[in-house]
Structures are given as structure tokens and as C-alpha cells.
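Only heavy atoms go into these numbers, but all of them, side chains included; no hydrogens, no water, no symmetry mates. Sequence positions, counted from 1, serve as the residue numbers for this chain.
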Amino acid sequence: MIIDPLEAVIEYVRRDSDLSALIGERVAGRHKFGDGWALPSKAMTLRYDGGPVDLYTERQTLRLEGRFYGERQSEAAKVWGRFNDLTRTAGRKTVQTSTGTALIYWVKPTSAPSALYDPDLRMDYLLQFFDVAVHELAVA
């Protein structure tokens, strides 16, 4: 089965106890504020943002956009900081997805965070981009 790399990274985030203590289940491909997520609260979103194509190996390389929300900027920075700690963890990672076990080669930052404000949500957030590599097929 083909692995969805975004789902793999989101599931990897969900299984981290320190990040879960901060955001609970509030991690998704798009925010759900006003539709189940309380306003304001700590949360994060990850979504596809293009990236290079690897034509020679069975891995998906892509760029993700991460948004790290908080009740104020210092709280958003806590979410961002914990996720960045996860990107510094050495070694490959496996995580269970809906189509099998995903092998994540890396999640690495490619930009510094930008501190922004979402006027629609009336919330602070940090924006950062990441390069990700995930094995294309489920692994044993």
C-alpha cells in the first residue's frame, strides 16, 4: 500500500506524549477551530507545500507547512518548540497509519519560524516549513 506521508507525520506527532500534553488531539491537516477545537487553544496543523520529487528511490520527498497555534505567542512557541525537538531526534521512525506501517526517514526544518497573527481566528501562530522523506510503501 502507498503511504500518505502527511498522515505518517501527523500520527508521529500524535504519539509523542510531551506534545500530546500540550495540544491533546489538536493536530490535523487543517485547523478545526470553531468545529471542535476551542478558541483559543494550543494546536498545530501540517499541510503539503510542494517539494522535490525523488524519481530514483521508493521514497516520497516533500515540503510541509507547519502552523503552531497558542493562546498567545509564547504559548504557540511551546508547541513549535516541542515539534522542533521531535525533528532533532536521530534515526528513522516507524508509525502506524491507515494503510500500514510508515517509515519516516526525516522531518527537518528548512526555515526559521515566523511569528504571525490570524485575524479570522484572532490567534497568534508560528509558521515554519519542513522537508520530509517517507518510504513510499508500507514496511514490515
Side-chain angles (χ1 to χ4, degrees):
M1 280 301 222
I2 297 286
I3 293 293
D4 177 350
L6 180 59
E7 179 189 6
V9 176
I10 288 173
E11 289 304 320
Y12 176 61
V13 167
R14 285 188 175 145
R15 75 177 193 179
D16 180 70
S17 59
D18 292 335
L19 196 49
S20 289
L22 284 172
I23 64 174
E25 293 292 315
R26 291 180 304 276
V27 57
R30 63 177 182 81
H31 80 72
K32 297 177 185 177
F33 291 111
D35 187 27
W37 293 0
L39 271 168
S41 62
K42 291 178 204 59
M44 67 179 286
T45 60
L46 295 166
R47 67 180 185 176
Y48 291 117
D49 190 57
V53 176
D54 186 342
L55 298 174
Y56 304 104
T57 65
E58 288 184 334
R59 69 179 178 178
Q60 302 174 71
T61 55
L62 56 139
R63 180 175 152 152
L64 293 182
E65 172 193 284
R67 292 184 182 215
F68 307 91
Y69 296 91
E71 298 86 340
R72 56 192 167 280
Q73 192 168 321
S74 61
E75 296 301 308
K78 289 178 183 177
V79 179
W80 165 81
R82 180 60 201 146
F83 183 75
N84 270 269
D85 286 347
L86 290 178
T87 68
R88 286 163 171 61
T89 304
R92 298 174 178 177
K93 303 134 185 85
T94 57
V95 63
Q96 196 61 39
T97 70
S98 62
T99 56
T101 303
L103 172 61
I104 300 172
Y105 294 104
W106 66 75
V107 178
K108 57 184 179 179
T110 58
S111 71
S114 297
L116 301 169
Y117 180 78
D118 186 319
D120 294 332
L121 297 175
R122 297 185 182 144
M123 286 182 61
D124 290 303
Y125 70 97
L126 297 178
L127 173 70
Q128 188 173 22
F129 296 94
F130 301 87
D131 279 346
V132 175
V134 177
H135 195 70
E136 196 169 78
L137 303 173
V139 297

Using the salt bridge (Lys or Arg N to Asp or Glu O under 4.0 Å) definition, which of the options Lys78, Lys42, Arg122 pairs with Glu71?
Lys42
Rounded to the nearest 0.5 Å, what separation is found between the [atom1] atom of [X] and the [atom2] atom of [Y]?
X	Y	atom1	atom2	answer
Leu46	Gln128	CG	CD	10.5 Å
Gln96	Thr94	CD	OG1	8.5 Å
Thr45	Lys32	OG1	NZ	11.0 Å
Leu137	Thr101	CG	OG1	12.5 Å
His135	Ile3	NE2	CD1	9.0 Å
Leu64	Thr110	CG	OG1	9.5 Å

Any idea which heavy atoms bring [X] and [Y] closest together, and the distance?
X	Y	value
Ala115	Gln73	CB-NE2, 3.3 Å
Arg59	Ala133	CD-CB, 4.4 Å
Asp4	Leu6	OD1-N, 3.0 Å
Ala76	Asp124	CB-O, 4.2 Å

With side-chain contact (heavy atoms from CB on, under 4.5 Å) as the test, would you mind laying out the steps for Arg15 and Lys93 before giving the verdict?
CA-CA 12 Å; Arg15 75 177 193 179; Lys93 303 134 185 85; 4.2 Å; yes
Identify whether [X] and [Y] are in the same connected component of the hydrophobic contact network (ILVMFWY, side-chain heavy atoms under 4.5 Å).
X	Y	value
Tyr105	Val139	yes
Leu86	Ile10	yes
Tyr48	Val9	yes
Leu126	Phe129	no
Trp106	Val132	no

Taking 4.0 angstrom as the limit, do [X] and [Y] come out as a salt bridge?
X	Y	value
Arg88	Asp85	no
Asp131	Lys108	no
Glu65	Arg67	yes

Taking [X] for its side chain and [Y] for its backbone only, find out whether a donor-acceptor pair lies under 3.5 Å.
X	Y	result
Thr87	Asn84	yes
Arg14	Val27	yes
Thr61	Pro52	yes
Thr99	Ile2	yes

Are [X] and [Y] packed together at the side-chain level, in the sense that at least one heavy-atom pair is separated by less than 4.5 angstrom?
X	Y	answer
Ile104	Val95	yes
Leu19	Met44	yes
Leu39	Leu121	yes

Between Phe33 and Trp37, what is the ring plane arrangement, given parallel below 30°, perpendicular above 60°, and tilted in between?
perpendicular
Phe130 vs Phe68 aromatic rings, parallel, tilted or perpendicular, using cut-offs 30° and 60°?
perpendicular
Test Ile23 against Phe83 for side-chain contact (heavy atoms from CB on, under 4.5 Å), laying out the working first.
CA-CA 11 Å; Ile23 64 174; Phe83 183 75; over 6 Å; no
